[in-house]
Amino acid sequence: MDKLKHSLCMYLLLQCLLCAAVSYAAAAAFNISNIPFSKGFSPLFGEGNIIHSQDDQSVQLHLNQFTGSGFKSSDLYNHGFFSAKIKLPSDYTAGIVVAFYTTNGDIFRKTHDELDFEFLGNIRGKAWRFQTNMYGNGSTNRGREERYSLWFDPSKDFHSYSILWTTNNIIFYIDDVPIREITRKEAMGGDFPSKPMGLYATIWDASDWATSGGKYKTNYKYAPFVAEFTDLVLHGCAADPLEEVVGPLCSEEIDEQLASADFTKITPKQKLAMKKFRSKYMYYSYCHDTVRYPVPPPECVFDSAERWLFKENGRPKFDDKTRRRRFKKRGQVMSAKNYANQEDV
């Protein structure tokens with residue numbers, strides 16, 4: 001009985017520490033300056049659907065039946081910290097993708113690097129999902145995506161989404177909470193992004209895959225769909241990607257600044273916050289997918305708190321009773337191939 005009480009107390013203490021870690025991380029503020037839209041960005045496509053605020057600090061991206069829209073940074077950067085506060089469209093958003101990402105695909109079409117936040121819309125009453133991904137040197141056949149749900153409604157208010165990219169690591173943040181860290185390993189070779197990248201944001205119609213594998217399409221009865229961006233941050237070393245030597249002095253200076261910044265190092269409390277997020281809100285990770293990767297990619301670090309979320313083959317676990325009811329109602333059997341589609345709704 002004493003052992004049982006002790007275990008229960010330790011469990012409750014851990015839960016309190018995890019909650020405190022989330023609160024701490026969410027309260028911490030990154031000390032970094034914003035940039036006006038016209039000073040750092042230009043239209044990518046759908047210019048008529050890009051609406052600037054009068055103070056030049058915010059911008060709206062619209063999607064209607066004619067076109068989506070997007071913007072990109074005026075410069076490319078050799079490492080840096082990139083951030084924005086984003087408010088996603090509400091109501092029926094099936095088929096819609098809002099992306100916030102770094103890439104150099106416009107220049108290196110076959111060997112591009114990329115770091116993604118991709119927000120996947122849903123039918124009315126169902127929550128937005130999102131995924132993060134990384135590509136290096138055109139490694140699109142070795143996707144490193146993870147998928148998650150959120151602990152808040154991203155259409156109700158603005159939330160910060162940030163990407164840190166240095167020589168040695170990549171961290172994805174939401175509201176100052178680190179949700180994913182990738183540490184470069186020598187065995188990754190060119191799969192770790194290494195060439196200068198720009199910052200991009202887009203909204204577009206991805207009806208063929210975004211919601212339940214294309215089952216639910218974008219419904220333009222609810223248009224225009226509006227994604228709002230504010231507090232834009234471009235903190236990095238502007239570089240010419242075609243130069244053989246890319247601004248070495250600038251690059252070294254930025255790397256030193258990044259190394260000393262508060263968002264570069266994950267504190268113990270933030271580690272707890274990340275652990276809680278991943279164990280509660282992540283529903284797919286390539287690292288655990290032994291169907292795609294019988295041998296895990298070299299950067300994968302396995303956490304027992306995450307591992308229990310998945311079957312032995314890395315596919316998500318489903319509640320057996322719910323699954324049996326679903327099969328009986330629909331008269332179909334779920335295959336391993338479409339597991340992610342079922343979970344998107």
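With no hydrogens or angles considered, a side-chain donor-acceptor pair links Tyr200 and Asp106 at under 3.5 Å.
A centroid separation of less than 6.0 Å is found between the aromatic rings of Phe277 and Trp151. Under the 6.0 Å cut-off for aromatic ring centres, Tyr161 and Tyr173 do not qualify, their centroids lying 6.0 Å or more apart. For His288 and Phe302, the ring centers sit closer than 6.0 Å to each other. Between Tyr148 and Tyr281, the distance separating the two ring centers is not shorter than 6.0 angstrom.
Using a cutoff of 4.0 Å between basic side-chain nitrogens and carboxylate oxygens, Arg142 and Asp191 are scored as salt-bridged.
A single hydrophobic cluster is seen to contain both Ile170 and Leu234, as judged by linkage of ILVMFWY side chains at heavy-atom distances under 4.5 Å, directly or through other members. In this structure, Phe158 is not a member of the same hydrophobic cluster as Leu199, with clusters built from ILVMFWY side-chain heavy atoms closer than 4.5 Å.
For the pair Arg129 and Tyr283, the cation-pi test (distance below 6.0 Å, angle within 45°) is passed.
We find the CD1-NZ distance between Ile179 and Lys276 to be 15.5 Å, quoted to the nearest 0.5 Å.
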Asn104/Leu76 under side-chain contact (heavy atoms from CB on, under 4.5 Å): CA gap, chis, key distance, verdict: CA-CA 8 Å; Asn104 48 37; Leu76 277 73; 4.2 Å; yes
Trace of the side-chain contact (heavy atoms from CB on, under 4.5 Å) decision for Val233 with Phe82: CA-CA 5 Å; Val233 172; Phe82 312 98; over 6 Å; no
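Crowding of Glu186 atom CD: a count of heavy atoms from other residues, nucleotides or ligands under 6.0 Å not exceeding 12.
A search for side chain to side chain donor-acceptor pair (under 3.5 Å) contacts involving Asn169 returns Thr166, Glu181, not counting sequence neighbours. Under the rule for a salt bridge (Lys or Arg N to Asp or Glu O under 4.0 Å), the partners of Arg278 that lie at least two apart in sequence or sit in another chain are Glu146, Glu306.
Under the ring-ring contact (aromatic ring centres under 6.0 Å, His included) criterion, the residue pairs touching residues 47-75 are Phe37-His52, Phe37-Phe71, Phe41-Phe71, Phe71-Phe229, with sequence neighbours excluded.
Each of Val98, Ile51, Ile50, Leu44 was compared with Leu61 under the side chain to side chain contact (heavy atoms under 4.5 Å, CB included) criterion, and only Ile50 meets it.
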